[in-house]
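So you know, we letter chains A, B, ... as the sequences are listed, proteins then strands, and number each from 1.
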Amino acid sequence: MSRIGVFVCHCGENISRTVDVEQVARAAGEIPGVAYACDYKYMCSDPGQNLLKKAVAEHKLDGVVVAACSPRMHEKTFRKAASAAGLNPYLCDMANIREHCSWVHEDKKLATAKAADIVKLMVERVKKGKSLAPITVPVTKRALVIGGGIAGIQAALDIADAGHQVMLVEREPSIGGHMAQLSETFPTLDCSQCIMTPKMVDVANHPNITLHTFSEVEKVEGYIGNFQVTLKHKARSVDESKCTGCGICMTKCPKKKIPNEFDQGHGMRTAIYVPFPQAVPNTPVIDRENCTMFQSGKCGVCAKVCGPGAVDYQQEDRFSVESVGAVVVATGFKLYSIDRKPEGSPIQGYGEFGYGTIPDVIDGLTFERLASASGPTGGKILRPSDGKEPKQVVFIQCVGSRAREKGISYCSKVCCMYTAKHTMLYHHKVHDGQAYVFFMDARTPGKGYDEFWRRAVEEEEAVYIRGMVSRMYQKGEKIVVMGSDIQVGVQVEIEADLVVLATAVQAQDGADLLAQKLGISYDKYNFYSEAHAKLKPVECATAGIYLAGACQGPKDIPDTVSQASAAAAKVMTLFSKDQLERDPVVAKVNEKYCVGCLACKKVCPYGAVEEKEIRDRQGNLVKVVAYVNPGVCGGCGTCQATCPSKSVELDGYTDEQIMAMIESL
Amino acid sequence: MTPGKKRLNYSYYPGCSLHASGREYDISTRALFKALNVGLKEVPDWFCCGATPAHNVDELLSLSLCAKNLSLAEQVEGDLAVACAACFSRLKTTQHHLKEDEERRKQVETAIAGPAALDKPVKHILEILAREFGLSKLEESVKKPLLGLKVASYYGCLLTRPPEVPELDDCEDPSIMEDILRALGAEPVQWSHRMECCGANFTLSRPGVVLKLSNAILESARRAGADCIMVACPLCHGNLDIRQKEIKDAYGAPDSTLFGNIFGSELQQGASSDQRDLPVFYITQLAALAMGVPSGNLGFESVITDPKPLLREKQLL
């Protein structure tokens with residue numbers, strides 16, 4: 001016979017306002033097997049917990065039910081108290097009579113009856129419960145950081161500084177990401193390169209960081225503490241160990257007219273190139289699609305001029321398998337393409353803006369390159385079509401962002417600030433120029449942000465027009481921008497020399513594919529989902545994988561850096577122990593009854609089910625059964641619900657326990 | 001016609017304009033469909049759809065007028081072909097609106113004493129030509145390609161808007177007219193004002209507004225190097241064709257600005273253009289011409305801006 005204790009919490013008035021807690025406690029006392037029942041104002045408080053501990057000792061309780069709030073809130077608290085009193089913590093459970101009862105009902109009588117039923121269910125479950133011991137898994141103290149932008153760099157440096165090994169993987173030939181493309185950054189207008197490039201060098205020189213540029217994650221297997229990652233090292237056609245970075249190959253390459261991606265297609269580069277002069281590593285890469293040697297087999301100039309003989313046309317993609325304990329995903333963002341509607345996409349384009357057909361309609365990142373000292377114009381604001389200095393520049397905000405009818409409903413967060421910055425940079429460089437901004441509303445939360453925006457409007461003479469633009473067209477050298485000013489209620493037409501569109505921040509190309517490889521979830525816009533929007537903002541639902549930066553949603557640099565450091569701190573916490581303790585609420589397969597249909601493998605959202613061969617003593621295959629890897633299992637119970645032969649059960653939620661709960665009603 | 005394939009057949013709602021001021025649209029539509037061997041049978045006893053005035057005065061009336069016409073159209077086999085942009089818009093709007101508003105539908109069905117025929121497919125002739133007949137078949141059927149004819153295709157405001165009602169094309173950047181023009185062998189020009197409003201039926205109450213808006217459209221087409229304009233709406237046709245002389249008189253210096261400008265001085269007057277007359281064609285006139293229909297059967301004599309000199313110049317007559 002069990003001796004269960006029931007503790008009914010008032011939660012101040014949160015529960016007792018709608019549930020007669022005393023009556024619930026009385027009813028609980030009458031359940032067979034309940035040795036003690038009481039109610040208390042705040043069970044989670046110190047005296048409340050002491051009440052529990054004392055009762056366990058005095059009444060020799062072998063199980064405890066706390067009827068209070070959600071287990072998400074205080075299960076750990078009460079399990080710890082039970083454990084301190086000498087009980088196995090998994091024999092302490094919670095009956096949720098707040099979220100599931102008092103908060104959602106009004107009728108006190110009915111709510112009280114329901115609360116009593118919930119308590120009865122949990123008492124039956126605990127009666128059939130078993131002592132469980134936490135599972136331990138070993139931890140490989142080495143982290144993988146995917147993405148070499150500011151988020152990945154910051155996370156890698158933090159983890160490496162804590163003394164752990166880090167692998168930083170970047171698919172482009174150089175690290176630096178979008179931040180390296182920016183001119184000056186808000187709200188302090190310090191030069192982006194000046195704060196970014198030293199960090200890039202730190203990464204390259206750090207003894208604990210292995211840098212893999214021009215590489216991609218091919219496959220991810222394993223679980224928290226024990227991931228096996230297959231990396232694809234794309235053929236650079238240049239041997240990194242031999243190259244000295246002298247750059248003579250680039251000066252001699254006869255193909256010189258390839259649009260430079262780093263300059264948003266506005267500068268030119270050669271076929272063998274580094275993305276930008278401050279690139280890390282400073283090893284060139286051959287763009288095989290544009291290289292004469294690869295296209296026609298006739299050239300080979302770079303190989304001839306290379307002193308150390310680093311150019312290697314025969315190089316092939318290489319694969320390596322690495323063991324890591326944690327993964328930080330920091331793959332960043334791309335900008336919304338504002339052309340016509342892409343085929344098969346739910347997102348509409350802005351064909352009416354003439355982007356792609358009018359050369360002087362550019363996006364924000366292109367303006368950054370025009371304003372950057374290292375950009376194609378050497379920092380002079382010159383328009384792309386004819387290289388003239390634009391005297392009237394129109395900036396348009398919310399292009400694609402917050403536009404439900406165009407398919408994107410979220411706010412891109414950084415555009416209000418960077419457009420304000422653009423108007424300032426423009427005003428500083430073209431004193432007689434005039435900047436106009438079409439905006440819907442200004443969203444500038446952040447330290448020093450609103451002040452910065454006000455400065456653009458009030459001191460730097462940008463004319464802000466509240467309203468949207470309907471259409472733009474080329475008229476001679478000018479671009480006619482047709483819009484409206486909804487505050488004055490008039491239609492506005494401006495003849496601009498240059499138009500800059502603040503286009504929506506979107507998830508990186510292939511973000512969904514990477515998520516599928518990692519087994520993490522993503523939203524309908526392909527941004528990665530955190531485990532909890534408020535309380536677990538850097539963790540993924542998949543244990544051991546953390547998020548940093550704009551791959552999770554639009555973010556500015558300060559937020560990105562904060563989150564990257566937070567992700568690094570989470571990794572360090574994970575690495576602080578040699579063995580990792582995991583919740584023992586995991587599924588177990590009864591190998592005797594399992595018929596090996598592996599329906600559970602198909603439904604498992606965590607990929608925890610594997611095939612296991614059962615062999616006799618002679619080594620002959622008897623049968624194949626399912627095996628649940630306790631390190632990966634998330635304890636959701638989907639396998640248990642699916643199994644046709646009832647041979648898989650979740651510890652703590654066995655069929656016996658569930659049936660006992662149902663029968664108690 | 002491909003053997004084994006059923007001949008396309010449509011019921012046809014011309015609308016009042018096509019029997020009056022826009023007769024040449026009706027004539028050329030019938031001629032074109034005949035040339036393409038596509039069946040077109042007029043809905044018996046149809047009446048006005050209410051066009052723009054009705055829904056401004058009495059919503060129930062305007063919905064009922066269209067619903068009654070739709071139920072009349074049910075008597076003729078085939079999807080309902082509509083040429084006039086306003087009729088098309090009203091008929092589609094009625095279906096859309098009544099599908100969403102159960103109560104309104106009941107009121108309308110009481111008013112017209114019968115079901116509202118909400119599922120009768122209503123199709124603009126543009127989508128019939130481009131999608132159902134098909135661009136490639138259209139191109140194959142061309143007997144006299146409109147080579148060298150630079151055409152500004154004018155959509156106006158109703159054909160694609162609001163996007164959920166006509167479902168014709170991209171609502172801000174459509175291409176269906178240009179696609180058809182290319183199939184006909186003509187050269188569509190890139191121009192800016194293809195979706196701007198011409199002033200519509202303010203032509204009666206506030207002609208000044210119409211002159212201003214239509215001038216901007218004509219000017220933009222000239223600037224883009226167009227020889228002519230192509231429309232799919234009798235009201236647009238009226239404003240752009242009939243008013244050209246008045247526009248010339250009112251806007252001696254062409255290229256005036258379309259709207260007031262709160263910043264005053266930025267807008268300079270553009271380079272003065274030659275103020276050429278721009279013939280305004282219906283889509284069906286140009287298409288029928290390309291199909292080899294004799295020009296005498298296309299109503300060219302009843303338009304104001306004479307298209308014949310242009311057509312002769314391009315050796316299309």
Counting heavy-atom pairs under 4.5 Å with chain B, which one of R471(A), Q434(A), E405(A) comes out on top? R471(A)
Find the distance between OH (Y473(A)) and CD (E196(B)) and round it off to the nearest 0.5 Å. 8.0 Å
Would one find more than 12 heavy atoms of other residues, nucleotides or ligands at under 6.0 Å from atom NZ of K99(B)? yes
Does Q190(B) CD have over 12 foreign heavy atoms under 6.0 Å away? no
Interatomic distance, S192(B) atom OG to E352(A) atom CD [nearest 0.5 angstrom]: 13.5 Å
Look at atom NZ of K391(A) and say whether more than 12 heavy atoms of other residues, nucleotides or ligands are closer to it than 6.0 Å. yes
Is it true that, when you exclude Y525(A) itself, more than 12 heavy atoms of the residues, nucleotides or ligands shown sit nearer than 6.0 Å to its OH? yes
With side chains defined as the heavy atoms from C-beta onward, is the minimum distance between Y350(A) and E172(B) less than 4.5 Å? no
